[in-house]
2 protein chains.
Amino acid sequence: MDEEESEFLARYDPRAFPAVAVTVDVVALTIRADALHVLLVERGSQPHAGRWALPGGFIRPGEDLPEAARRELAEETGLAPRVHIEQLAGYGAPERDPRMRVVSISYLAFAPDLPDPQAGSDAADAAWHRADRLPELAFDHGRILADGLERARDKLQYTPLATAFVGETFTISELRGVYETVWGVPLHAGNFHRKVLSVPGFVESTGETTESGGRRGGPRSRLYRAGAAGLLHPALLRPAKDEETR
Amino acid sequence: MDEEESEFLARYDPRAFPAVAVTVDVVALTIRADALHVLLVERGSQPHAGRWALPGGFIRPGEDLPEAARRELAEETGLAPRVHIEQLAGYGAPERDPRMRVVSISYLAFAPDLPDPQAGSDAADAAWHRADRLPELAFDHGRILADGLERARDKLQYTPLATAFVGETFTISELRGVYETVWGVPLHAGNFHRKVLSVPGFVESTGETTESGGRRGGPRSRLYRAGAAGLLHPALLRPAKDEETR
DNA sequence: CTAGATAGTCTCAAGATGAGAATAACCGTG
DNA sequence: CACGGTTATTCTCATCTTGAGACTATCTAG
């Protein structure tokens with residue numbers, strides 16, 4: 001049996017299989033100028049040279065997956081390896097990389113507004129791109145990015161993820177801005193305020209207020225910091241789009 | 001720079017890196033005898049020979065990931081490759097397999113009550129195990145399994161996943177049984193009934209009823225089939241455990 | 001100083017949820 | 001065949017959550 005023999009070999013010497021490479025790719029998100037931005041690097045070498053791609057690269061011996069993701073993010077973009085990071089998914093379609101079989105584990109990273117990145121070793125350039133005006137990406141990175149955005153929109157509902165996009169302390173309005181930007185819909189200010197304060201552990205008051213009102217007027221607002229909750233109960237549901245069925 | 005050189009090599013010849021193997025592992029769940037069961041195989045070879053593990057194995061050249069997961073499930077257990085399957089996560093800690101660097105992409109599979117599996121090529125045995133009385137598993141499969149169970153419990157809330165555990169047609173009570181079994185809590189029959197019928201697209205009536213009442217009495221119940229909804233709105237929330245914060 | 005914008009509260013109606021109960025159909029048994 | 005126990009389905013009612021709109025006080029810009 002051809003299948004059984006392959007299996008047999010696999011158990012005793014996996015190296016007999018054609019080489020498989022494992023990479024990590026990072027979907028790093030931030031909010032700048034009231035728009036959701038994604039970090040992209042311009043590829044400096046073939047294949048897809050000159051095309052934008054997600055920061056990422058091959059894992060190293062002895063290096064754990066999340067560790068590799070942080071390293072790649074730092075290496076290729078100069079971004080502090082301190083951002084919140086979590087696994088997104090694995091991608092392994094046979095032809096996704098023309099060079100060889102490459103399986104990629106993607107990670108999702110969130111950060112408050114950060115400085116412009118510095119292109120690292122093997123990236124010709126690195127820059128934040130508006131999530132709603134993306135260039136065509138290399139490999140299957142377009143799909144990975146789309147999955148990452150969907151995941152982020154989803155997690156905003158039932159986790160305190162939004163607080164990862166703002167500074168150490170923030171106002172309820174800033175937090176609402178995160179939701180409105182990521183979801184792309186305006187929210188009712190009063191109801192949002194009530195909701196955020198009523199979910200246990202979402203935010204906690206610092207007792208302070210902003211130094212001045214907003215740039216277009218309005219009173220000073222109270223400052224909050226992220227609370228201890230890992231999950232929001234009840235969740236902050238995204239306004240339904242009526243097309244729940246499918 | 002050692003780092004830059006490694007990176008350079010990686011770009012031009014990833015094969016220069018120590019071999020990395022990629023496997024798929026499957027967390028297959030079903031409900032038998034009112035208890036959640038997981039499919040496990042007894043390893044026939046080293047390492048961890050004789051220990052129970054998740055069905056899985058190395059991916060083959062040209063084979064897509066989900067395809068590999070279905071193949072392994074069928075090969076090692078004789079189970080029809082027709083079950084609903086979805087990706088769980090990637091696992092790649094450096095020491096998770098003593099033989100070499102192995103990165104595993106895990107899949108989650110759901111099926112209605114199925115016959116006992118047949119041990120395949122490289123499994124000494126294959127059997128359904130109660131999810132609440134598991135033996136110690138090989139490698140990091142205990143962690144993968146735990147992640148899979150958590151994912152399943154979660155998805156029951158906002159997707160029609162529960163219908164994958166019952167037959168083509170089913171009663172509301174059977175559906176409730178799925179929730180009670182997976183979540184491990186009793187649910188209010190009346191409220192569950194109201195809820196299921198009120199969520200658009202969750203179930204649709206077949207117009208039929210069961211041939212007879214339940215084995216302990218009670219009237220015949222109406223039969224339903226899975227509806228077209230991909231998401232449940234509003235969701236069927238799992239009873240809170242008060243410890244939302246953390 | 002005035003107009004316009006915003007933070008934070010409230011009110012009210014509409015939905016959704018949790019608990020308990022009522023009704024009726026069906027089991028196995030005596 | 002009548003009876004007790006069990007279960008499917010429907011209702012009621014109090015409570016919670018949500019969505020919309022409105023009001024007040026505070027602040028910026030001009």
Side-chain angles (χ1 to χ4, degrees), chain A residues 34 157-158 166 169-180 183 185-200 202-224 231-242 244, chain B residues 34 156-158 166 169-180 183 185-224 231-242 244:
Chain A
D34 288 322
Q157 296 187 106
Y158 51 91
V166 294
T169 66
F170 50 86
T171 67
I172 301 290
S173 291
E174 285 171 344
L175 198 60
R176 175 162 49 85
V178 172
Y179 279 89
E180 294 180 327
W183 285 349
V185 296
L187 298 176
H188 185 293
N191 291 342
F192 182 85
H193 207 285
R194 172 184 61 187
K195 177 71 181 175
V196 168
L197 296 185
S198 75
V199 174
F202 192 3
V203 302
E204 58 184 38
S205 176
T206 64
E208 317 256 300
T209 69
T210 50
E211 291 294 322
S212 61
R215 58 194 72 215
R216 280 185 296 210
R220 302 176 177 188
S221 42
R222 298 180 194 150
L223 286 169
Y224 297 83
L231 287 176
L232 306 184
H233 270 317
L236 239 150
L237 295 179
R238 172 161 39 159
K241 286 237 194 69
D242 294 317
E244 285 114 40
Chain B
D34 289 324
L156 232 45
Q157 296 186 104
Y158 52 89
V166 293
T169 66
F170 49 86
T171 67
I172 301 289
S173 291
E174 285 172 344
L175 198 60
R176 175 161 51 84
V178 172
Y179 279 89
E180 293 181 328
W183 286 347
V185 296
L187 298 177
H188 184 293
N191 291 341
F192 182 85
H193 206 283
R194 172 183 62 187
K195 177 71 182 175
V196 168
L197 296 185
S198 76
V199 174
F202 190 3
V203 301
E204 58 184 39
S205 176
T206 64
E208 318 256 300
T209 69
T210 50
E211 291 294 323
S212 63
R215 58 193 75 214
R216 279 184 297 211
R220 302 178 177 186
S221 43
R222 299 185 193 146
L223 286 169
Y224 297 82
L231 287 175
L232 306 184
H233 269 316
L236 240 151
L237 295 179
R238 173 160 38 159
K241 286 238 196 69
D242 293 320
E244 285 114 40

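Atom set for the values below is all heavy atoms of this structure, side chains included, hydrogens, waters and symmetry mates excluded. Here is how names work: the chains are called A, B, and so on, in the same order as the sequence lines, proteins then strands, and each is numbered from 1.
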Checklist entry - In terms of the nearest nucleotide of DNA chain C, which residue is placed more toward the 5' end: Ile172(A) or Arg216(A)? => result Arg216(A)
Checklist entry - Just by distance, do the side chain of Arg220(B) and the backbone of Thr209(B) share a donor-acceptor pair under 3.5 Å? => result no
Checklist entry - Does Ser173(B) have a side-chain nitrogen or oxygen under 4.0 Å from the phosphate oxygens OP1 or OP2 of dA8(D)? => result yes
Checklist entry - How would you label the contact of Arg194(A) with the nucleic acid (heavy atoms, under 4.0 Å): base, sugar-phosphate, or nothing? => result base
Item to check | Nearest-angstrom distance from the residue atom CZ of Phe192(A) to P of dA20(D) | outcome: 15 Å
Item to check | Under 3.5 Å donor-acceptor, Tyr179(B) side chain and Leu187(B) backbone | outcome: no
Next on the checklist: Nearest whole Å is fine: how far is dG19(D) C1' from Leu236(A) CG?
Outcome noted: 13 Å
Next on the checklist: Give me the atom names and distance for the closest heavy-atom approach of Thr206(A) to Tyr224(A).
Outcome noted: CG2-C, 3.8 Å
Item to check | d(CG, Asn191(A); C1', dG21(D)) in whole Å | outcome: 9 Å
Checklist outcome for this item: Rounded to whole Å, the CG-C1' distance (Leu187(A) to dG21(D)) equals 16 Å
Item to check | Given dG19(D), dT17(D), dT9(D), the nucleotide with the shortest approach to the side chain of His193(B) | outcome: dT9(D)
Checklist entry - Do side-chain atoms of Glu180(A) reach the backbone of Pro186(A) as a donor and acceptor pair under 3.5 angstrom? => result no
Checklist outcome for this item: Closest heavy-atom pair, Val199(B) versus Pro234(B), reported as atoms and distance to 0.1 Å, is CG2-O, 3.6 Å
Checklist entry - If each of His188(A) and Arg222(B) is mapped to the nucleotide of DNA chain D with the nearest heavy atom, which maps nearer the 5' terminus, i.e. the 5' end? => result Arg222(B)
Next on the checklist: Could you check whether any side-chain N or O of Glu208(A) sits under 3.5 Å from a backbone N or O of Leu223(A), counting only pairs where one atom can act as donor and the other as acceptor?
Outcome noted: no
Checklist outcome for this item: Taking every heavy atom of Trp183(A) against every heavy atom of Gln157(A), the minimum-distance pair comes out as CZ2-CG, 3.5 Å
Checklist entry - Starting at the 5' end of DNA chain C and moving along, which residue's nearest nucleotide shows up first, Gly217(A) or Gly217(B)? => result Gly217(A)
Checklist entry - Toward the 5' end of DNA chain D, which comes first, Gly190(B) or Gly218(B), by nearest nucleotide? => result Gly218(B)
Item to check | Ala235(B) backbone acceptor or donor facing Lys195(B) side chain under 3.5 Å | outcome: yes
Next on the checklist: Applying a 4.0 Å non-hydrogen cut-off, can you work out what Ser212(A) is touching in the nucleic acid: base, sugar-phosphate, or nothing?
Outcome noted: sugar-phosphate
Checklist entry - Residues in side-chain contact (heavy atoms from CB on, under 4.5 Å) with Glu204(B), at least two apart? => result Arg225(B)
Item to check | Which nucleotides of DNA chain D pair, in dot-bracket form (Watson-Crick or G-U under 3.5 Å, | meaning another strand) | outcome: ||||||||||||||||||||||||||||||
Checklist entry - Is a side-chain N or O of Ser221(B) found less than 3.5 angstrom from the main chain of Thr171(B), in a donor-acceptor match? => result no
Next on the checklist: Measuring from the side chain of Ser221(B) (C-beta onward, heavy atoms only), which nucleotide among dA8(D), dC27(D), dC13(D) has the closest atom?
Outcome noted: dA8(D)
Item to check | Nearest listed nucleotide, side chain of Pro219(A), among dT6(D), dC27(D), dT10(D) | outcome: dC27(D)
Checklist outcome for this item: So the contacted stretch of DNA chain C, first to last nucleotide with an atom under 4.0 Å from a non-hydrogen atom of chain B, runs from dA16(C) to dC27(C)
Checklist entry - What's the CZ-C1' distance between Arg215(B) and dT6(D), to the nearest Å? => result 13 Å
